[in-house]
There are 2 protein chains.
Amino acid sequence: MTIYDVAARAGVGIATVSRALRGSAPVSDATRAKVLAAVAELGFRPSHAGTSLAARTHAANGIVFPDLSGPYYAEVLLGYEETASRLGRSVLVLATHGRDDPESSVRDLARRVDGLVLLGRTVPDHVIEELTAFGLPVVVVARPEVGAADSIRADGLSAARALGEHLAGHGFRRIAFLGSPEESPDVAERWRGVREGLGKHGIEPTVTPCLFDEASGTRVAAALLAGPERPDALVCANDEIALGAIVAAEEVGLRVGVDVAITGWDDVMAARHARPALTTVRQPMRTLGALAAEVLDQRITGHRTTPRHESLATDLVVRDSCGTHP
Amino acid sequence: MTIYDVAARAGVGIATVSRALRGSAPVSDATRAKVLAAVAELGFRPSHAGTSLAARTHAANGIVFPDLSGPYYAEVLLGYEETASRLGRSVLVLATHGRDDPESSVRDLARRVDGLVLLGRTVPDHVIEELTAFGLPVVVVARPEVGAADSIRADGLSAARALGEHLAGHGFRRIAFLGSPEESPDVAERWRGVREGLGKHGIEPTVTPCLFDEASGTRVAAALLAGPERPDALVCANDEIALGAIVAAEEVGLRVGVDVAITGWDDVMAARHARPALTTVRQPMRTLGALAAEVLDQRITGHRTTPRHESLATDLVVRDSCGTHP
DNA sequence: TCCTCACATGAAAGCGCTTCCTACGGACCC
DNA sequence: GGGTCCGTAGGAAGCGCTTTCATGTGAGGA
C-alpha cells in the first residue's frame with residue numbers, strides 16, 4: 001500500500017498525491033477529492049521511513065531521563081507527551097539509568113528525532129554541545145544552561161528561602177539539610193535558599209550528603225538523630241528522603257512535627273498521605289514537560305533561533321511535619 | 001555524513017561498508033578494519049530513516065498507555081524501556097488519555113514501530129485485531145486476550161481471595177467493594193476473588209462503582225460511611241481510591257483499622273507511608289513491562305509464531321489499615 | 001600450466017516518499 | 001485572434017541505506 005497505489009487509483013501522479021496530502025502546493029479541489037477518496041478506499045497511510053528520508057524530518061521528539069522511577073519523572077513525561085503529540089510529534093523515551101554507555105545511547109536517539117529533551121544529569125555537557133553544534137534542537141530540563149540549548153527549570157530559590165524562614169518562625173534552631181548540593185545544581189539551589197532564609201534569623205544550618213531515596217533518607221536521618229547535637233529540623237532534598245527520615249524519627253520515638261520537623265521537596269502523592277502530612281515544595285512537573293515540548297517545537301519549526309531559558313515558580317506547601325499550625 | 005563518505009574514505013564500495021557494519025555477509029578482516037577506522041574518524045552513524053526504509057524495519061517498539069499518571073504505569077514503562085533497549089530497540093510512548101482520536105493515534109504509531117504493547121483499555125478490540133491481522137506483533141498487558149496478540153497480566157485472583165479471607169478472619173462482616181467490575185476485567189477479577197474469599201465465611205460483600213482516583217474514593221467512601229448500613233470494611237479497587245477512602249473515614253471520625261478496615265491494590269509508594277499503613281496487593285509492574293518487551297521481541301524476531309499468554313503472581317501485603325496484628 | 005570454485009567486493013536496483021523542474025492548458029490582455 | 005501568464009499536474013531525481021547480482025581474484029586440483 002504505497003503512494004503509487006493511491007496515485008493509480010485516483011488516476012493522478014504520485015507528486016499530486018503527495019501535494020494533496022501534505023498541502024505543500026496548490027491542488028485543484030476536484031483532484032484533491034479524487035485523491036482523498038482513493039486514500040480512504042485503500043486505507044493508505046504514508047510510510048514513515050519514506051517520508052522521513054525524503055523530507056529529512058522525523059516528526060518525533062526524544063526525551064532522556066536519568067531514570068523513570070518515582071512519580072516526578074512520570075509527570076514530566078505525561079506533560080511532554082501530551083503536548084508533543086498535540087504538535088504532531090511522536091515521543092521516544094530513553095532512560096540512561098543503569099546503562100553501560102549513556103552517551104552513545106543518546107547519540108543514537110539523536111539520529112532518529114528532530115529534537116531532544118534532556119532531564120538532569122544524563123550525559124556530560126560536551127555531548128550536548130556536540131548535538132547542538134550539529135544543529136539538533138536540545139532543551140535541558142532541571143540542568144544548568146549549556147551551549148546553545150534551551151533550558152527550563154523550576155525556580156526553587158524563593159520557595160527554599162520561604163521554607164527556611166518558615167522553620168525559623170516555628171522556633172527550630174538546629175537545622176540539618178539532607179542532600180548533596182555539589183552533585184546537583186537543583187539541590188545546591190535548595191540548600192542555598194534554605195540557608196538564606198534561615199540566615200535572616202541568624203541560624204546556620206548544617207548539610208549532610210544523602211542519596212535521593214528512602215533508604216538513604218532513613219539511614220542518614222537515623223545517624224543524625226542519634227548524634228550528639230540532635231537537629232530539631234531535617235530539611236530534605238526531596239520527598240523520598242523526607243519520607244525515609246520520618247521512618248527514622250518514628251523508630252527512635254521522636255514525634256515528627258513536634259520533637260523534630262521534617263520537610264521534603266516535590267510534593268509526591270505520598271507526601272500528603274504521610275502522617276503527619278509532609279511539608280514540601282510543589283513543582284509544576286507536568287507544566288515543565290509541556291513547556292519543554294513547546295520550546296523544543298519552536299526550535300524545530302524554526303519559529304525561534306535564539307536560546308530561551310525559562311524558570312517556573314514553585315510553591316511551598318505547608319503541612320504538619322514542620323510543626324502544627326493554629 | 002553518509003555511507004558514501006565512509007566508503008570513499010575507506011576506499012571501498014558502500015555495499016562493503018554496509019556489510020562490515022551489519023555483519024550481514026563476510027568481509028575480510030583487512031577491509032573491515034579499514035571501514036571501522038573510517039567510521040570512527042568520520043563519526044559516522046547510519047541514518048535511521050535510510051536503514052528503516054531499505055531494511056523494512058524500525059528497530060523500535062511502541063507502548064500505549066491509557067494515561068501515564070500514577071506510579072503504576074511509570075514502573076511498567078521503566079521495565080519495558082530497560083529491556084527493549086537491551087534488545088536494541090527504541091521505545092515510542094503514546095498516552096491515549098484525553099486524545100480526540102486514540103484509534104488513529106495508535107494506527108499512526110503502528111506505522112513506525114516493529115511491534116506494539118497496549119496497556120489496558122486503550123483502543124477497541126477490532127483495532128488490535130486489524131493490527132495483528134496486518135502482521136504487526138502486538139502484546140496486550142492487563143487486558144483480556146484478543147485476536148492473535150500475546151498477553152501478559154498480573155493474576156489478582158488468588159491475592160483477592162486471600163484478601164477476602166484475611167478480612168473475614170479479622171471479624172469484619174459488612175464489606176463494601178469500591179470499584180467498577182464491569183468497566184475493567186482487572187477489577188472484575190479482584191471483585192470476584194474478594195467475593196469468593198469472603199464467601200467461604202458466609203459473607204456477601206456489596207459493590208459500589210467508583211472511578212480510579214482519590215477524589216472519587218473519598219466521595220464514594222463518604223457516602224457509604226454515612227449511609228444506613230455502614231460497612232466495617234472498604235475493599236478498594238486500587239490504592240488511590242483507598243487513600244481517598246482513608247481521608248473520608250478520618251473526616252467522619254472513624255479510626256481506620258479499628259472502626260473500619262480499608263484496603264487498596266497496587267502498593268504504590270504512598271501506601272506504606274499512609275497512617276495507618278495501607279493493606280494492599282503488590283503487582284510486579286516492572287517485571288510486567290520487561291516481560292512485555294521480551295515477549296514482543298520473540299515475535300518481532302520470529303523466534304516464536306504462536307501466541308503466548310503469561311500471568312504473573314501478585315502478593316497480598318498486610319499492613320495496619322485492615323486491623324492491627326498481634 | 002590451466003581450469004574450477006569459493007570468497008570477497010562493487011555496481012546498481014530498489015525501499016516510499018518529497019520536491020524541483022518542466023509542460024500543458026485556459027484565461028486574460030492587447 | 002494571437003501572445004503572455006498563471007495555475008495545475010506529471011516526470012524524474014534523490015534522500016541514505018540494504019541487498020541482489022555480477023565480477024574479479026587467488027587458492028587448490030588436475
Side-chain angles (χ1 to χ4, degrees), chain A residues 1-39 42-60 88 90 107-108 110-114 134-136 301, chain B residues 1-39 42-60 88 90 107-108 110-114 134-135:
Chain A
M1 190 54 49
T2 73
I3 199 171
Y4 290 91
D5 300 315
V6 175
R9 191 98 164 86
V12 300
I14 58 162
T16 302
V17 174
S18 177
R19 285 189 280 250
L21 256 32
R22 320 193 73 237
S24 53
V27 170
S28 74
D29 289 347
T31 308
R32 190 194 329 283
K34 277 194 298 184
V35 170
L36 293 180
V39 165
L42 272 52
F44 169 78
R45 280 170 188 254
S47 144
H48 212 88
T51 309
S52 179
L53 188 57
R56 285 94 170 283
T57 173
H58 299 92
S90 299
R107 283 207 185 83
D108 279 341
R111 307 277 324 189
R112 49 192 309 172
V113 296
D114 300 320
F134 197 72
L136 187 80
T301 55
Chain B
M1 191 55 48
T2 73
I3 200 172
Y4 289 91
D5 300 315
V6 175
R9 189 100 163 86
V12 300
I14 59 162
T16 302
V17 174
S18 176
R19 285 189 278 252
L21 256 32
R22 320 193 74 238
S24 53
V27 170
S28 75
D29 289 345
T31 307
R32 190 194 326 284
K34 278 193 299 183
V35 170
L36 293 182
V39 165
L42 272 52
F44 169 77
R45 280 168 189 257
S47 143
H48 214 88
T51 310
S52 181
L53 187 57
R56 285 94 171 284
T57 173
H58 299 92
S90 298
R107 283 207 185 85
D108 279 340
R111 307 276 324 189
R112 48 192 309 171
V113 296
D114 301 320
F134 197 73

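Because only heavy atoms are used, hydrogens play no part in the values below, and waters and symmetry mates are left out as well, while side chains stay in. Naming: A, B, ... by sequence-line order, numbering from 1 per chain.
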- prompt: Going through the distances and angles, do A:Asp108 and A:Arg111 end up as a salt bridge (charged side-chain N to carboxylate O under 4.0 Å, His left out)?
  reply: CA-CA 5 Å; A:Asp108 279 341; A:Arg111 307 277 324 189; over 6 Å; no
- prompt: Can you tell me if B:Asp114 uses its side chain to pair, donor with acceptor, with the backbone of B:His58 under 3.5 Å?
  reply: yes
Over 12 foreign heavy atoms within 6.0 Å of CZ, B:Arg107: yes
- prompt: Does the B:Thr57 side chain pair with the main chain of B:Ser52, one donor and one acceptor, at a distance under 3.5 Å?
  reply: no
query: Can you tell me how far C1' of C:dG16 sits from CG of A:Leu21, to the nearest Å?
result: 13 Å
Nucleotide D:dA13, atom C1' - distance to CZ of A:Arg56 in whole Å: 12 Å
- line: When rounded to whole Å, the CZ to C1' distance for the pair A:Arg45 and C:dG16 reads 17 Å
statement: 5'-most contact on DNA chain C (nearest-nucleotide basis), B:Gly13 vs B:Leu53, goes to B:Gly13
- request: For B:Arg112 and C:dG16, give me the distance from atom CZ to atom C1', rounded to whole Å.
  value: 15 Å
message: For the backbone of A:Ala60 and the side chain of A:Arg112, can you confirm whether one donor and one acceptor N or O come within less than 3.5 Å of each other?
response: no
message: Check this one for me: any side-chain N or O of A:Ser28 less than 4.0 Å away from OP1 or OP2 of D:dA9?
response: yes
- prompt: Atom NE2 of A:His58 and atom P of C:dC17: how far apart are they, to the nearest Å?
  reply: 16 Å
statement: Closest heavy-atom pair, A:Arg19 versus A:Val27, reported as atoms and distance to 0.1 Å, is CB-CG2, 3.7 Å
task: Grab the NE2-P distance between A:His48 and C:dC17 for me, whole Å please.
output: 12 Å
- request: If a protein heavy atom is under 4.0 Å from the base, mark B; if only from the sugar-phosphate, S; if neither, -; do that for nucleotides 18-26 of chain D going 5' to 3'.
  value: BBB------
statement: Whole-Å distance, B:Met1 CE to D:dC15 C1', equals 16 Å
message: Please report the distance, rounded to the nearest Å, between CG in B:Asp5 and P in D:dG16.
response: 9 Å
